[in-house]
Structures are given as C-alpha cells and as structure tokens.
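Data block below; observations after.
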Amino acid sequence: MTTNQFGKNGWTPDRIENLNGKTFVITGTTSGTGFEAAKILLSKGAKLVMLNRNPQKSADTIATLKQELGNAIEVTAIKWIYQNKLQ
C-alpha cells in the first residue's frame, strides 16, 4: 500500500501558511517555475530576493508581480553572474 506523505489531498500551494518574517532567495524568477514559486511565496507574505542574470527582465518581473499582488510586496533583485572557473 502506498502512503501519500502530503495527506489525502496531496500538496498544493494552499497548504503553505503565513510566511511573514521569512525571506526566500530564488534563481531564475523571470519565467517558468521560478516565477510561479516567487508569486506563491510573495502571496503568502514572504520577502523575496531574486537572483537573475538579466537586470531588465528582473525589473519587468518585479513590475508584473507588483501589478498582480500589489505594491506592498517585498521583492528585490540581485544580478547573478555565473563564472565557470574550471578549465
């Protein structure tokens, strides 16, 4: 018999409780799952630090999130630079 560790209804974002006072760092928040995770966490009251390579896309994403969730959300962006040191 298989047991679902997340309960009868599985896991959904609705099961996340209030995240006030918690800060999350997410890479790749300008699209896809990173964007969706950012939106969910911010909607639950979390503070968010976005790590993205493209500053313009970060600014556009912040504008979109504020439009969807309100200007009171706490979200900042840091330009992430990946440097492969292996040769």
Side-chain angles (χ1 to χ4, degrees):
M1 178 199 290
T2 308
T3 303
N4 184 343
Q5 66 178 346
F6 299 111
K8 180 180 176 184
N9 297 319
W11 185 89
T12 68
D14 295 334
R15 296 184 74 167
I16 298 174
E17 296 181 4
N18 187 312
L19 296 176
N20 287 336
K22 299 191 186 276
T23 302
F24 294 83
V25 179
I26 302 177
T27 62
T29 55
T30 59
S31 65
T33 57
F35 177 79
E36 294 302 321
K39 192 164 48 169
I40 291 166
L41 294 172
L42 288 166
S43 73
K44 300 293 184 171
K47 296 178 186 177
L48 180 67
V49 178
M50 302 184 334
L51 300 177
N52 301 309
R53 292 176 289 167
N54 186 317
Q56 185 57 54
K57 284 186 177 182
S58 292
D60 294 345
T61 299
I62 289 172
T64 299
L65 290 167
K66 288 189 174 195
Q67 184 178 27
E68 290 185 21
L69 302 172
N71 288 324
I73 60 172
E74 295 186 58
V75 56
T76 57
I78 296 173
K79 183 178 179 181
W80 178 66
I81 301 172
Y82 172 77
Q83 295 179 340
N84 186 352
K85 300 284 185 181
L86 300 176
Q87 296 184 17

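Any value given below was found using the heavy atoms of this structure, including those in side chains, with hydrogens, waters and symmetry copies removed.
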Separation of [Y] [atom2] from [X] [atom1] (nearest 0.5 Å):
X	Y	atom1	atom2	answer
Ile62	Thr64	CD1	OG1	10.0 Å
Leu48	Glu74	CG	CD	10.5 Å
Asn20	Lys44	CG	NZ	11.5 Å
Met50	Thr76	CE	OG1	8.0 Å
Asp60	Ser31	CG	OG	12.0 Å
Thr30	Arg53	OG1	CZ	8.5 Å

Contact check, side chains of Val75 and Thr29, non-hydrogen atoms, under 4.5 Å =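 Side chain of Val75 against side chain of Thr29, heavy atoms only: no contact under 4.5 Å found.
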Would you check if Leu51 and Val25 make a side-chain contact, meaning some heavy-atom pair closer than 4.5 Å?
-> yes
Determine, stepwise, if the pair Phe35 / Leu65 fulfils side-chain contact (heavy atoms from CB on, under 4.5 Å).
-> CA-CA 9 Å; Phe35 177 79; Leu65 290 167; 3.7 Å; yes
Quick note, salt bridge (Lys or Arg N to Asp or Glu O under 4.0 Å) partners involving residues 19-43, not counting sequence neighbours, are Glu36-Lys39, Lys39-Glu68
Take atom NZ in Lys57; do more than 12 heavy atoms of anything else shown fall under 6.0 Å from it?
-> no
Going through the checks in order, is the side-chain contact (heavy atoms from CB on, under 4.5 Å) test met by Ile26 and Leu41?
-> CA-CA 10 Å; Ile26 302 177; Leu41 294 172; 3.7 Å; yes
Any idea which heavy atoms bring Pro55 and Lys79 closest together, and the distance?
-> CG-CD, 3.9 Å
Hey, is the main chain of Gln56 close enough, under 3.5 Å, to the side chain of Asn54 for a donor-acceptor pair?
-> yes
